[in-house]
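Before any comments, here is the structure.
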Amino acid sequence: MRIVATSQHECSDLLKRVSIGRLACSLDNQPYVVPVRFSYEPDRIYIFSTVGKKIKWMRQNPKVCLQADDIGNSSNWMSVIVTGTYLELSEPQYHTAQREHARALLAQDSQWWRIPLSERRDGLVSSIETVFFRIDIESMSGLRAMPETE
Ligand SMILES: Cc1cc2nc3c(=O)[nH]c(=O)nc-3n(C[C@H](O)[C@H](O)[C@H](O)COP(=O)(O)OP(=O)(O)OC[C@H]3O[C@@H](n4cnc5c(N)ncnc54)[C@H](O)[C@@H]3O)c2cc1C
């Protein structure tokens with residue numbers, strides 16, 4: 001098996017192709033990682049979220065990291081790591097058009113809203129606080145593994 005660094009173009013292709021990633025944030029030297037569904041467009045990642053620990057942490061420390069991958073098997077996979085800054089679209093300066101843009105991108109996947117809401121089904125749906133946020137991408141790196149014969 002060979003492992004090679006991929007181009008920025010290949011990183012973008014993977015982020016367009018897959019919709020589940022692991023979002024990492026941190027507070028007071030403590031990392032926290034959760035799986036999330038996302039939509040990518042150049043330089044940005046959009047996520048719809050319930051308000052809980054990750055949102056509270058990212059509001060305090062907006063530096064985040066997201067990892068996504070496409071795993072065929074142990075010798076055929078690709079992984080991308082993005083670093084960037086959390087930006088909540090409910091802030092006054094981000095108006096309806098920005099949120100509608102995020103909603104339209106995320107709605108391309110019909111499941112986009114179900115996981116965050118169903119996780120909170122113990123509470124009244126009307127009482128669940130949700131937010132759209134985006135990650136403004138600062139860097140992307142990718143690694144690809146392939147069998148020696150390719
Ligand atoms: C495939 C997949 C896609 C998902 N997509 C989204 C999405 O798009 N948006 C979204 O908001 N959520 C999504 N979730 C759920 C998400 O991973 C979190 O569980 C959820 O958002 C709550 O996170 P929180 O930080 O608000 O946790 P809180 O509800 O504040 O959680 C408190 C504690 O619960 C534990 N906990 C929370 N989440 C998890 C977890 N996933 N695994 C183990 N322990 C946990 C932690 O110990 C945490 O300290 C997805 C989950 C999966 C599996």
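Numbers here are sequence positions counted from 1. Counting convention: from 1, in listed order, for ligands and their atoms alike.
Ligand 1 is approached by Tyr32 to a heavy-atom distance shorter than 4.0 Å.
Less than 4.0 angstrom separates some heavy atom of Ile20 from each of these atoms of ligand 1: 1 (C), 3 (C). Each of the atoms 26 (O), 30 (O) of ligand 1 lies under 4.0 Å from some heavy atom of Gly52. Residue Thr50 has at least one heavy-atom neighbour below 4.0 Å for each of these atoms of ligand 1: 11 (O), 21 (O).
The closest non-hydrogen atom to atom 7 (C) of ligand 1, taken over Trp57, Phe48, Phe133, comes from Phe48. The option from Ser39, Ser19, Pro35 that lies nearest to atom 41 (N) of ligand 1, judged by heavy atoms, is Pro35. For atom 21 (O) of ligand 1, the nearest non-hydrogen atom from the set Met58, Lys54, Arg37, Lys56 belongs to Lys54.
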Would you tabulate the side-chain donor-acceptor contacts of residues 27-36 under 3.5 Å, counting partners in other chains and residues two or more places apart, or write 'none'?
none

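Going from atom OG of Ser141 over to atom CD of Gln8 covers 8.0 Å, rounded to the nearest 0.5 Å. For the atom pair Ser39 OG and Leu106 CG, the distance stands at 4.0 Å (nearest 0.5 Å).
Every residue two or more places apart in sequence or in another chain that forms a ring pair (Phe, Tyr, Trp, His ring centres under 6.0 Å) with Phe133 is listed here: Tyr86.
With hydrogens and angles ignored, the 3.5 Å screen pairs no side-chain donor or acceptor of Arg134 with any backbone N or O of Leu89. Side-chain atoms of Glu10 come within 3.5 Å of backbone atoms of Ser7 as a donor-acceptor pair (strictly under, hydrogens ignored).
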